[in-house]
Q: 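Take this structure first; my questions come after.
First the proteins, then the strands, lettered A, B, ... as listed; each starts at 1.
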There are 2 protein chains.
Amino acid sequence: MSSSVQRKRIRKDPAARRAEIVATAAAVALAEGLECVTLRRIGEELAVRPGLISHYFPSAEELVAEAFGNAATAELDRLLPAAGAGAEGPEPGTAPARVAPSGTAPHGAGAADAGPLVRLRWFLGRTVGEEYDAISRLWINARHLSRYRPLLRERVARQEAAWRGRLEELIRDGVAAGEFRTADPLGAAVQILVVLDGLGVHVNTVTPARPAAVLRMAHSTAERELGLPADALGHPESTEQSPS
Amino acid sequence: MSSSVQRKRIRKDPAARRAEIVATAAAVALAEGLECVTLRRIGEELAVRPGLISHYFPSAEELVAEAFGNAATAELDRLLPAAGAGAEGPEPGTAPARVAPSGTAPHGAGAADAGPLVRLRWFLGRTVGEEYDAISRLWINARHLSRYRPLLRERVARQEAAWRGRLEELIRDGVAAGEFRTADPLGAAVQILVVLDGLGVHVNTVTPARPAAVLRMAHSTAERELGLPADALGHPESTEQSPS
DNA sequence: TTGCTTATTGGTCGCACACTCAATAGCATC
DNA sequence: GATGCTATTGAGTGTGCGACCAATAAGCAA
C-alpha cells in the first residue's frame, strides 16, 4: 500500500512555499549545521524535488543566508524579546515565516513586560546550559562559513547588530529606570556579548569542567559594567529548575 | 622547454616526506582554511599525486587534524614561548616538523627569558591587530569543524589545554616573582582566554569599529584577575610600531 | 652490476553537490 | 467543463571530494 512513491504534486502558493522552505532550512541549520542546508536535503525534508528549491533560491548561498537569519532572529526574540512585545505580536500575517519558537514561551520571568534587571537576569540565565548550545553552535558555524560566503557574511553582520541593539536597548531601559548605571550602554552591551561569544565557542569540543567564576563571567561583566552589586544577576544554575 | 610535465619521481625518506606534507597542510590550513586541506590540494602543492598523500594519511581527517595541531603549536610557541625556551631549542632533530614561524622571531620584548609581566604584555599586544587574525580564523575554523570530525575535536581539546597550560604557567611564574597576585592562576588564565576567544570570533565579519574599552578587554581582564594596576599591561596599539 | 624493497604513480569508482531546462500537471478562472 | 498560467518535476551536466589498487621505478644493498 505504501511501497510506491507519492507522485501527487502539491501545488502551493509561492509565498507560502517559500516560507516553508526557509522555515525548514532554519530548523536544519539550527539542528545540524549550515552545511547541511543543501538543495537535496531541504527538498527531501519537504518531500519535493531539489529543483524546486533552486527555483525559489537561484543560488544555494541565498538559502543558507536566509536560513541563518531566520533562525538567529527567532532565537533572539525568544531570549531577549523586545520591550513591549507581548502576546499580540506586531503586524500579524505580514511578518516573514520564522521557525517556531521551541517550546519555552517567554511567559513569566523573561516576559518582555518585566523590568530590565529581571529581563537581563533571565537572559543571562538562558545563555548557559545545553539549551543555549545549539545557538552557540549556529553562531560559530555562521561566523566560520562567513569566511567563504559573502551573502552569509552580510547576514551575520546584520544579526550581530540586531543582538547588540536589542541588548543595548534593554540596558538603556534599565538606566532610565534607575536600575543600571553606565555612561556607555552600547559599550556595556558589546562587552557582555564578547564574553558570551567567548564562553560559547567551546560547544563542539570536550572541555574540562569550568569553575563557577568562569561560568559567571557574563554575569559579572554585566554587574561590573552596569554598576550592579555582585551576585545581583544570580548564579547560572540558580535561575533554572533544579537538575534531576 | 617547460611544456611537458615533470615525470621524474623524487623518492624521499618517509619521515621527511611526511613532515613535508604536514608542514604544507599546516600552511594551507592557516592561510586558506582547514577545508582546503584536501588530498588533491596538498598533492598539487608538493607536485605529487594525491594518492601519495593518502598513502601517508589513510584517512584525510587525520591529515586535517595534524595540520591544525601543527599550526596551532607553532603559533603558540611564537606568541607565548615557554619559559627558558631560548635559541637552543629542546631536542633538536627529534621534534616533529612544524610550519616555519613567520618572520618575527620572539627576540626582544617577547623573549622567553624576559619577566612574566613583560611577556604577558607582549603576548596581549600580539593578540590584537591583523597579525592575529589568521590565528583567530584558524581557531574558529577548527572549533566549528570539530562538530563533525572526532579526530579534529580531540586535537582542538589538546591545543586548548596547551594554550591554557602555557598561560597558566606564565601566571604562576609571575605570582612566584611577586609581579602578579591571584589565588587561582588557572582560573585567571581561562578567563583571559575566554575573552580573547570572544574578541576573535568576528574576524570573518565586517564589524563596526570597536571602542578602546572593548579592544582592551583582554588587558583589563588580566589586570583585574592578576591584581595589577589599570593600564599596567599597556594599550593594544602602544605596544606596536606606529601605523604608517 | 643485479636484485629487492617500497615510495610513487595513474587510473578508477562512487558519492554529493549546485545548477540548467524542457516537459508536465495542479488549480484558479472563466 | 474547458483554458491558461505557472508551480513542479525529471533528467542530465559538470565539479570536487575520499578511497582504492595494480603497476612502476627510485635508490639502497648485495
Q: What is the nucleic acid contact for A:Arg17, judged by heavy atoms within less than 4.0 Å: base, sugar-phosphate only, or nothing?
A: sugar-phosphate
Q: Kindly check if the number of other-residue, nucleotide or ligand heavy atoms within 6.0 Å of CZ (A:Arg164) is above 12?
A: yes
Q: Between atom CZ in B:Arg11 and atom C1' in C:dT6, what is the gap in whole Å?
A: 5 Å
Q: By the 4.0 Å heavy-atom rule, please label B:Ser54 as base, sugar-phosphate, or nothing.
A: nothing
Q: At 10 degrees resolution, what angle do the end axes of the helix from C:dT1-D:dA30 to C:dC30-D:dG1 form when each is taken over five base pairs?
A: 10°
Q: Give the rounded distance in Å between these two atoms: CD1 of A:Ile42 and P of C:dC17.
A: 11 Å
Q: Please determine whether side-chain contact (heavy atoms from CB on, under 4.5 Å) holds for the pair B:Arg143 and B:Ile140, giving the CA-CA distance in whole Å, both sets of side-chain angles, and the decisive distance to 0.1 Å.
A: CA-CA 5 Å; B:Arg143 289 207 158 106; B:Ile140 299 177; 5.8 Å; no
Q: Could you check which of D:dG10, D:dT8, D:dT6 has an atom nearest any side-chain atom of A:Arg49?
A: D:dG10
Q: Quick one: B:Leu34 CG to D:dC17 C1', roughly how many Å, whole number?
A: 16 Å
Q: In whole angstroms, how far is the P atom of C:dT9 from the CD atom of B:Glu44?
A: 14 Å
Q: Under the 3.5 angstrom rule, does the side chain of B:Asn141 hit a backbone N or O of B:Leu34 as a donor-acceptor pair?
A: yes
Q: Looking at residues 55-63 of chain B, who's got a heavy atom less than 4.0 Å off DNA chain D?
A: B:Pro58, B:Ser59, B:Ala60
Q: In whole angstrom, give the distance that lies between atom CZ of A:Arg40 and atom P of C:dC19.
A: 11 Å
Q: Name the closest nucleotide to the A:Thr38 side chain, picking from C:dA18, C:dA25, C:dA7.
A: C:dA18
Q: Quick one: which of C:dC19, C:dG26, D:dG18 gets closest to the side chain of A:Leu39?
A: C:dC19
Q: Quick test of your reading of the model: are A:Glu75 and A:Arg126 salt-bridged, counting only N-O distances below 4.0 Å?
A: no
Q: Taking NZ, NE, NH1 and NH2 as the nitrogens, is one of them in A:Glu35 or B:Arg147 under 4.0 Å from a carboxylate oxygen of the other?
A: no
Q: Could you tell me how far apart B:Arg9 (CZ) and C:dT5 (C1') are, to the nearest whole angstrom?
A: 14 Å
Q: Look at all strands and tell whether A:Pro50 reaches a base, only sugar-phosphate, or nothing, counting heavy atoms closer than 4.0 Å.
A: nothing
Q: Over all heavy atoms of both residues, which pair between A:Leu196 and A:Ala218 is shortest? Give the atoms and the distance, please.
A: CD2-CB, 3.7 Å
Q: Sequence neighbours left out, what passes ring-ring contact (aromatic ring centres under 6.0 Å, His included) with A:Tyr56? Give chain and number order.
A: none
Q: Which whole-number value in Å describes the distance from B:Asp13 CG to C:dA7 P?
A: 9 Å
Q: Taking the minimum atom-to-atom distance to the side chain of B:Lys12, which one of C:dT8, D:dT8, D:dG18 wins?
A: C:dT8
Q: Let me know the distance between NZ of A:Lys8 and C1' of C:dT24, rounded to the nearest Å.
A: 13 Å
Q: Check whether any side-chain N or O of B:Arg155 sits under 3.5 Å from a backbone N or O of B:Phe68 as a donor-acceptor pair, and report yes or no.
A: no
Q: Looking only at side-chain atoms of A:Leu52, point me to the closest of C:dT5, C:dT9, D:dT8.
A: D:dT8
Q: Are side-chain heavy atoms of A:Thr38 and A:Ile53 found at a separation under 4.5 Å?
A: no
Q: With a 4.0 Å cut-off, would you call A:Glu20 and A:Arg17 a salt bridge?
A: yes
